[in-house]
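Accompanying notes for the structure given below.
A, B, ... follow the sequence lines: proteins, then strands. Residue 1 opens every chain. The figures here come from the full heavy-atom set of this structure, side chains too, leaving out hydrogens, waters and symmetry mates.
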Amino acid sequence: MVERSFLARPGLAVAPELLGSVLRHTTSEGTVAVRLTEVEAYQGAEDPGSHAFRGRTPRNEVMFGPAGHLYVYFTYGMHFCANVVCDVDGTATAVLLRAGEVVEGASLAAVRRPSARAPREYARGPARLTSALGLGRAENGADLCSPGSATALEPGPPVDAGRVRTGPRVGVSGPGGDGVAFPWRFWLDGEPTVSPYRPHVPKRRK
DNA sequence: TCGTAGATCGACT
DNA sequence: GTCGATCTACGAT
């Protein structure tokens, strides 16, 4: 079980140390656990790309709460994405879980992700990861740091610091408006489950 | 293997 | 009414 104090820091500090951790979710169907290989930090009010940028709403309520809870939101009409809420109560920073490797419950993950051709694709991508774990609206606000919780975050095997890679999010400058892009994405080099980098280009519909 | 269009609905303006 | 922290199918190469 990850200590809540570990998460009660800015998402930017927590994110790289979260790589390699294992998120386990148990339902009536069974248990699926994913070892995180790619995450992205969201700096709340300082991040134009964050749900919390325009202030507190019923939707992002959980982000403003205490650390160690799960923020699950619905997007694009069909997908769920999951974040680990960080920092102290009242501060809306979080870490988006972008990709991971299924290390337990692969058969159940296969049922939930029928379109995946290989096990490495079970959780390769934010929406795929939540799908493989079986996370949904019901898990929004779930406590990750309480013993016996159906949704839990656990320390994984030690990660070689040399394999941790970072990347700036294109077009987003850091606090202070100095024009410097901050490295808010973190992933483990060489992991086949890391999603391919694609610049964020919102598509316009007709 | 790569690139693009379409799907689909809740939150916010 | 508009847009989105995306995924998948499908056509082209």
Side-chain angles (χ1 to χ4, degrees), chain A residues 7 10-12 14-16 18-19 23 32 34 36-65 69-87 91-102 109-142 165-175 181-187 192-206:
Chain A
L7 298 172
L12 207 45
V14 174
L18 217 47
L19 291 172
L23 182 62
V32 171
V34 166
L36 303 177
T37 57
E38 184 182 1
V39 298
E40 185 165 320
Y42 279 83
Q43 294 295 299
E46 299 171 0
D47 181 359
S50 170
H51 285 175
F53 183 59
R54 290 179 179 77
R56 190 170 187 152
T57 67
R59 181 205 205 184
N60 61 32
E61 182 81 31
V62 175
M63 278 182 91
F64 287 83
H69 289 258
L70 204 58
Y71 170 46
V72 182
Y73 67 91
F74 183 68
T75 189
Y76 285 95
M78 62 190 88
H79 297 301
F80 288 103
C81 292
N83 301 250
V84 173
V85 176
C86 297
D87 220 321
T91 306
T93 77
V95 176
L96 169 70
L97 310 180
R98 292 197 62 85
E101 173 193 6
V102 173
V111 171
R112 288 169 173 163
R113 302 265 308 106
S115 63
R117 291 185 175 184
R120 68 162 65 169
E121 296 187 347
Y122 290 158
R124 187 163 76 161
R128 297 171 179 183
L129 185 145
T130 53
S131 176
L133 281 169
L135 298 174
R137 226 180 298 276
E139 281 71 34
N140 186 35
R165 294 285 182 275
T166 69
R169 272 188 4 198
V170 180
V172 180
S173 58
F182 273 59
W184 287 344
R185 298 165 60 98
F186 302 87
W187 68 93
T193 51
V194 173
S195 57
Y197 174 70
R198 280 178 303 203
H200 179 57
V201 243
K203 293 229 172 75
R204 295 198 75 80
R205 291 175 311 165
K206 286 190 272 188

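- Out of B:dA7, B:dC12, C:dA5, the shortest distance to the side chain of A:M78 is found at B:dA7.
- Phosphate contact (OP1/OP2 of B:dC9, side-chain N/O of A:T75, threshold under 4.0 Å): absent.
- Considering only side-chain N and O atoms, A:H51 lies nowhere under 4.0 angstrom from the phosphate OP1 or OP2 of B:dA11.
- C:dT6 atom C1' lies 11 Å from atom CG of A:L96, rounded to whole Å.
- Taking the side chain as every heavy atom from C-beta outward, A:V34 and A:Y122 never approach each other to under 4.5 Å.
- The aromatic ring centres of A:Y73 and A:H51 sit less than 6.0 Å apart.
- In this entry the distance linking OH of A:Y122 with P of C:dT8 reads 13 Å, nearest Å.
- Residue side chain A:Y76 meets the stacking definition with respect to C:dG4: its ring centre sits within less than 5.5 angstrom of the base's six-membered ring centre, and the planes differ by less than 30 degrees.
- Each of C:dT8, C:dA5, B:dA11 was ranked by its minimum atom distance to the side chain of A:R59; first place goes to B:dA11.
- Put simply, A:F74 does not rest on the base of B:dG10: the two rings are not both less than 5.5 Å apart at their centres and under 30° in tilt.
- Residue contacts shown for A:R113 are limited to sugar-phosphate atoms, with no base heavy atom under 4.0 Å away.
- Remark: C1' of C:dA5 and CG of A:N60 are 13 Å apart, rounded to the nearest angstrom.
- Residue A:T57 is classed as a sugar-phosphate contact, given heavy-atom separations below 4.0 Å to backbone atoms only.
- Of all non-hydrogen atoms in A:C81 and A:A127, the two that sit nearest each other are SG-N, 4.3 Å.
- Rounded to whole angstrom, the span from the CZ atom of A:F80 across to the P atom of B:dC9 amounts to 11 Å.
- At whole-Å resolution of the value, CZ in A:R117 and P in C:dC10 are 11 Å apart.
- Atom CD of A:E61 and atom P of B:dC12 are 11 Å apart (whole Å).
- Atom pair A:F53:CZ and B:dC12:P shows a separation of 15 Å (rounding to whole Å applied).
- For A:H79, taking side-chain heavy atoms from C-beta onward, the closest of the listed nucleotides C:dA5, C:dC7, B:dC12 is C:dC7.
- A sub-4.0 Å separation between OP1 or OP2 of C:dA5 and a side-chain N or O of A:R185 is absent.
- For the salt bridge (Lys or Arg N to Asp or Glu O under 4.0 Å) test, no residue two or more places apart in sequence or in another chain qualifies with A:R59.
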### Query
Which dot-bracket string fits DNA chain C when only Watson-Crick or G-U wobble pairs with both atom distances under 3.5 Å count, crossing pairs get [ ], and | stands for a partner on a different strand?
||||.|||||||.
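- For C:dT8, the OP1/OP2 oxygens have a side-chain nitrogen or oxygen of A:R128 closer than 4.0 Å.
- Legend: residues meeting side chain to side chain donor-acceptor pair (under 3.5 Å) with A:N140, ordered by chain and number and at least two apart, are absent.
- Side chain of A:R113 to main chain of A:E121: a donor-acceptor pair is present (N/O by atom type, distance under 3.5 Å, no hydrogens or angles).
- At a cut-off of 3.5 angstrom, counting only N and O atoms as typed in the model, there is no donor on one side facing an acceptor on the other between the side-chain of A:Y73 and the base of B:dA11.
- Residue A:P58 places its side chain closer to B:dC12 than to any other of C:dT8, C:dT6, B:dC12.
- Residue A:R54 qualifies as open at atom CZ: its count of foreign heavy atoms under 6.0 Å is 12 or below.
- Following rounding to the nearest Å, A:M63 (CE) and B:dA11 (C1') show an atom-to-atom distance of 15 Å.
- A:G11 and A:T93 get closest at one heavy-atom pair: N-OG1, 3.3 Å.
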